[in-house]
*Asks:* 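Shown below is the structure under consideration.
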Amino acid sequence: MEHYIMSVTRLFFIVVVVVVPSVYAHIAFWHPSMWGFNVTDKDPAYSYDNRPVVPLARMTFGEWWFHNHLRYPPHPNDVFELPAGKAAIAEIGCNKGATTWWNSSEGGDIRQGDWPCPRSAPVQFHTKGINDVKGCALAIVLESDVSKIKPEDFTIFSVNQTCVWHRFTAFQVPADMPACPGGKCTCAWFWIHSPDSGSEQMYMNAFQCTVTGSKHDAPTLMKPQVARRCGADPEHGITHPTPSNCTHGAKQPLYWLQNEGNNMFEDYMGPPLYNDLYDFKDGAQNDIFVTSTKNAAQSQKRDTYQPSRFSRFWGNELHASSEAKVEDV
């Protein structure tokens, strides 16, 4: 009998160790201004777990776009502020209970200082350590009516290359960021993690935002283009960057690994990332504005794909990542 009790106890311990961390696995941007802020795994509107932290992979456009949270918009008065020329502090967490807004979470207060995933190891948010994080980004559209927004309208304006290591994550806002028409824009948080820590997927959480402290003569945003892989990539034998292959200026988010709506077609083990690999510099993206006639004309062009070209780093039949070329509209 004693042996039986010890065995059951040991089994229970193993189950707890295995199961509990998974409750807080994955990660999201958290703020009352976001779509789907109060969605839980028990929401009757979905036939699957669609919490903001749930990753997006191999989904239809309607399932991944805005995380399929458009039916749960934020309150009109809940708006995330972006101070021009300063840092906007976002909260990143594996559960709402790990953030300032824990009192509206289903599990209560589980905060653990600046750690994004309380009582969990880094593997729970897909990294082996701070040197293995690959960066995340904020994007903006100068439009508040989400029914008018398309994926190619979002412009990446800030990158934090140590994201998602900290709960409190600073995103530097360009000093030239223009004011939002009518005082309100639409923003989104994007992240793709390292390929060596868990299954690959992408993350998107959208939120209402506004730019504060804009200059009265702030330039407008360029039309964003599809980013290209151009940085050094030692993991795949590329020791030096290829600046001539970079997309200079405003860039779109990296839409990847979905059943439809992708603008990235990289191999599963060579994901697109929000860092120097795609010319997303750490901090404010200060090259996203129309500042001359030349780049104004460039911003009126669009990307098309040339699917016959192989990936710069694979160079074989595994999976050809489409290379973009710019053509006149």
Side-chain angles (χ1 to χ4, degrees), residues 15-75 78 91-99 101-102 104-108 110 116-121 123-127 136-137 139 146-147 149-151 154 164 186-195 197-208 253-266 268-269 271-272:
V15 170
V16 168
V17 169
V18 172
V19 173
V20 169
S22 68
V23 173
Y24 304 122
H26 310 308
I27 210 160
F29 168 100
W30 292 100
H31 191 267
S33 62
M34 65 190 285
W35 275 262
F37 182 63
N38 290 314
V39 171
T40 71
D41 59 349
K42 299 177 178 60
D43 195 299
Y46 305 101
S47 60
Y48 57 98
D49 183 358
N50 198 34
R51 292 169 297 151
V53 299
V54 173
L56 308 169
R58 298 179 178 83
M59 291 184 167
T60 65
F61 179 77
E63 289 171 332
W64 71 258
W65 180 237
F66 276 65
H67 212 295
N68 198 11
H69 286 156
L70 287 173
R71 71 187 71 191
Y72 293 119
H75 188 280
D78 288 330
E91 289 196 44
I92 311 297
C94 294
N95 184 282
K96 195 198 300 186
T99 73
W101 301 279
W102 61 266
S104 64
S105 73
E106 64 274 28
I110 60 168
C117 292
R119 302 191 297 277
S120 298
V123 68
Q124 293 302 321
F125 49 96
H126 299 289
T127 183
C136 66
V146 295
S147 68
I149 298 174
K150 300 177 181 178
F154 274 109
V164 295
T186 303
C187 288
W189 175 79
F190 292 94
W191 176 50
I192 296 174
H193 62 75
S194 167
S197 187
S199 300
E200 282 301 318
Q201 60 264 138
M202 76 172 196
Y203 290 72
M204 175 187 187
N205 301 121
F207 56 99
Q208 291 182 145
L254 307 170
Y255 303 121
W256 178 66
L257 210 64
Q258 307 307 312
N259 288 339
E260 52 189 6
N262 298 310
N263 64 3
M264 292 284 115
F265 301 89
E266 306 290 38
Y268 184 85
M269 292 305 294

*Asks:* Is any side-chain heavy atom of Trp102 less than 4.5 Å from a side-chain heavy atom of Ile110?
*Replies:* no
*Asks:* Is there a side-chain contact between Pro151 and Phe61 (heavy atoms, below 4.5 Å)?
*Replies:* yes
*Asks:* Please determine whether side chain to side chain contact (heavy atoms under 4.5 Å, CB included) holds for the pair His31 and Thr99, giving the CA-CA distance in whole Å, both sets of side-chain angles, and the decisive distance to 0.1 Å.
*Replies:* CA-CA 9 Å; His31 191 267; Thr99 73; over 6 Å; no
*Asks:* Any heavy-atom pair between the side chains of Pro74 and Trp35 that's under 4.5 Å?
*Replies:* yes
*Asks:* Please name all residues satisfying salt bridge (charged side-chain N to carboxylate O under 4.0 Å, His left out) with Glu63, sequence neighbours left out, ordered by chain then number.
*Replies:* none
*Asks:* Which distance, rounded to the nearest 0.5 Å, do you find between the CZ of Phe207 and the OG1 of Thr186?
*Replies:* 10.0 Å
*Asks:* Donor-acceptor pair, distance only, cut-off 3.5 Å: does the side chain of Tyr46 make one with the backbone of Asn68?
*Replies:* yes
*Asks:* Between His26 and Cys94, what is the shortest heavy-atom contact and its length?
*Replies:* O-SG, 2.8 Å
*Asks:* Quick one: pull up CD in Glu266 and CD1 in Ile192 and give me the separation to the nearest 0.5 Å.
*Replies:* 9.5 Å
*Asks:* Any sub-3.5 Å donor-acceptor pair from Asn205's side-chain atoms to Phe29's backbone N or O?
*Replies:* yes
*Asks:* Could you tell me which non-hydrogen atom of Gln201 sits nearest to which non-hydrogen atom of Trp256, and how far apart they are?
*Replies:* O-CZ3, 4.1 Å
*Asks:* Looking at side-chain heavy atoms only, is the closest gap between Gln258 and Leu56 below 4.5 Å?
*Replies:* yes
*Asks:* Okay, side chain of Asn95, backbone of Val53: is any donor-acceptor separation there less than 3.5 Å?
*Replies:* no
*Asks:* Check whether any side-chain heavy atom of Pro116 lies under 4.5 Å from a side-chain heavy atom of Ile27, and answer yes or no.
*Replies:* yes
*Asks:* Does any part of the side chain of Tyr72, heavy atoms only, come nearer than 4.5 Å to the side chain of Phe37, both counted from C-beta?
*Replies:* no
*Asks:* In Å, rounded to the nearest 0.5 Å, how long is the span from CH2 of Trp189 to CE of Met34?
*Replies:* 9.0 Å
*Asks:* Tell me, do Val146 and Trp65 make a side-chain contact under 4.5 Å, heavy atoms counted?
*Replies:* no
*Asks:* Can you tell me how far OH of Tyr48 sits from CG of Asp43, rounded to the nearest 0.5 angstrom?
*Replies:* 10.0 Å
*Asks:* Do the rings of Trp191 and His193 sit parallel, tilted or perpendicular, given the 30° and 60° boundaries?
*Replies:* tilted
*Asks:* For the residue pair Phe154 and Phe66, categorise the inter-ring angle as parallel (less than 30°), tilted (30 to 60°) or perpendicular (more than 60°).
*Replies:* tilted
*Asks:* Taking only residues two or more places apart in sequence or in another chain, which ones pass side chain to side chain contact (heavy atoms under 4.5 Å, CB included) with Asn38?
*Replies:* Lys96, Ser104
*Asks:* Rounded to the nearest 0.5 Å, how far apart are CG of Asn259 and CE of Met59?
*Replies:* 9.5 Å
*Asks:* Looking only at atom types and distance, does a side-chain atom of Trp30 sit under 3.5 Å from a main-chain N or O of Gly93, one as donor and one as acceptor?
*Replies:* yes
*Asks:* Can you tell me how the ring of His67 sits relative to the ring of His69, calling it parallel under 30°, perpendicular over 60° and tilted otherwise?
*Replies:* parallel
*Asks:* Do you know which two heavy atoms are closest between Thr40 and Glu106, and how far apart they sit?
*Replies:* CG2-OE1, 4.2 Å
*Asks:* Closer than 3.5 angstrom, by distance alone: can the side chain of Asn50 be matched with the main-chain N or O of Val39 as a donor-acceptor pair?
*Replies:* no
*Asks:* Which value, rounded to the nearest 0.5 Å, describes the distance between Glu200 atom CD and Met269 atom CE?
*Replies:* 7.0 Å
*Asks:* Would you say that Trp64 contacts Tyr255 through its side chain, given a criterion of any heavy-atom pair below 4.5 Å between the two side chains?
*Replies:* yes
